[in-house]
J.: 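Pasting in a structure now, in C-alpha cells, and then I'll have a few things to ask.
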Amino acid sequence: HVTVKSIRMVYNKFVEIGAVVFISLGPQKGKLAAVVNVVDQNRVLVDGPCNSVPRCVVNLKQLQLTKFNISIPWGARTSNVKKAWEKAKVNESWEETAWAKKIGSKATKAALTDFDRFRLMKLKQKRSRIISAELSKLKKQAKSA
C-alpha cells in the first residue's frame with residue numbers, strides 16, 4: 001500500500017512556461033533564455049532579452065534545463081520577460097552555480113597560450129613534489145611509531 005506522501009518525483013526540472021534554459025547548440029550557443037511558449041513536443045519559443053537571445057523557436061534537443069524558473073504568463077512579451085528576469089536575478093544566481101563556473105574555467109583553459117600551459121605544467125609538478133614529500137614523511141612517522 002503506497003501513500004501519496006511516500007511517492008517522490010524522479011525529475012524536478014520540467015519544460016514549462018518560465019523555465020530558464022541553457023542553449024547548448026545553434027547560433028545562440030552558451031546563452032541563457034526563458035521558455036515563453038511550448039510549440040509542440042519538440043520545440044519551444046524562447047526569449048532572452050538580458051542575454052541578447054532573440055525571441056525564436058528552438059528545438060528541445062538544443063536546450064538544457066536549469067534549476068531556475070521565472071514567473072511569466074504564457075506568451076509574455078519581451079519587456080515582461082526582461083522585468084521578471086531582472087526581478088528573479090537569474091544572471092546573478094547562474095554565475096554562482098558550479099555549472100557556470102565550470103564553463104568559465106573551460107573557457108579560461110582554452111584561452112591559454114603555449115607558454116601558459118608550460119607554466120601550468122611546471123606548477124603542477126612542483127605541487128606534486130611537495131605532496132609526495134609530505135606523504136613520505138607521514139609514512140616514515142607511521143612506520144617508526
J.: Any chance you could measure Lys109, atom NZ, to Leu120, atom CG, to the nearest 0.5 Å?
T.: 7.5 Å
J.: Less than 4.5 Å apart, side chain to side chain, heavy atoms only: is that true for Lys87 and Ser71?
T.: no
J.: What I'd like to find out is whether the side chain of Val21 reaches to under 4.5 Å of the side chain of Gln64, using heavy atoms alone.
T.: no
J.: So Val46 and Cys56, do their side chains get closer than 4.5 Å, heavy atoms only?
T.: yes
J.: About how many Å separate NZ of Lys83 and CZ of Arg77, when rounded to the nearest 0.5 Å?
T.: 10.5 Å
J.: Side chains of Trp85 and Asn91: do they bring a donor and an acceptor to under 3.5 Å?
T.: yes
J.: Trp99 vs Phe22 aromatic rings, parallel, tilted or perpendicular, using cut-offs 30° and 60°?
T.: tilted
J.: Check whether any side-chain heavy atom of Glu134 lies under 4.5 Å from a side-chain heavy atom of Ile131, and answer yes or no.
T.: no
J.: Could you pull out the closest heavy-atom pair between Val20 and Val90, with the gap in Å?
T.: CG1-CG1, 4.0 Å
J.: Is it true that a side-chain atom of Ser128 and a backbone atom of Lys124 form a donor plus acceptor pair closer than 3.5 Å?
T.: no
J.: Would you say Ile17 and Val36 make side-chain contact, with heavy atoms under 4.5 Å?
T.: no
J.: For Pro49 and Val81, work out which heavy atoms get closest and say how close.
T.: CD-CG1, 3.8 Å
J.: Could you report the tightest heavy-atom contact between Ile72 and Gly18, atom names first, then the distance?
T.: CG1-CA, 3.8 Å
J.: Check the surroundings of atom CZ in Phe14: do more than 12 heavy atoms from other residues, nucleotides or ligands lie under 6.0 Å from it?
T.: yes
J.: List the atom of Gln41, the atom of Leu60, and the distance in Å for their closest heavy-atom pair.
T.: O-CD1, 3.3 Å
J.: When you compare the side chain of Val44 with that of Val57, does any pair of heavy atoms fall below 4.5 Å?
T.: no
J.: With the side chain counted from C-beta on, respond yes when Lys13 and Thr66 share a heavy-atom pair under 4.5 Å apart, and no when they do not.
T.: no
J.: Looking at Ser93 and Ala88, what are the two nearest heavy atoms and their distance?
T.: OG-O, 4.2 Å
J.: Could you state whether Trp74 and Ile70 fall into the same hydrophobic cluster, counting links through intermediate Ile, Leu, Val, Met, Phe, Trp or Tyr residues with side-chain heavy atoms under 4.5 angstrom apart?
T.: yes
J.: Measuring from atom CD of Glu86 to atom SG of Cys50, what distance do you get when rounded to the nearest 0.5 angstrom?
T.: 4.5 Å
J.: Can you check side chain to side chain contact (heavy atoms under 4.5 Å, CB included) on Asp40 and Arg43, steps first, answer last?
T.: CA-CA 5 Å; Asp40 59 25; Arg43 299 176 300 158; 3.3 Å; yes
J.: With hydrophobic residues grouped by side-chain heavy-atom distances under 4.5 Å, do Ile23 and Val15 end up in a single group?
T.: yes
J.: What's the separation between atom CG in Leu112 and atom CZ in Phe118, rounded to the nearest 0.5 Å?
T.: 14.0 Å
J.: Just verifying a value: how many Å separate Asn51 CG and Leu32 CG, rounded to the nearest 0.5 Å?
T.: 5.0 Å
J.: Please report the interatomic distance CD1(Ile103) to OG1(Thr97), rounded to the nearest 0.5 Å.
T.: 7.5 Å
J.: What are the two closest heavy atoms between Ser52 and Lys31, and how far apart are they?
T.: OG-NZ, 3.3 Å
J.: So does Lys61 get a backbone contact from the side chain of Asn59, meaning a donor-acceptor N/O pair under 3.5 Å?
T.: yes
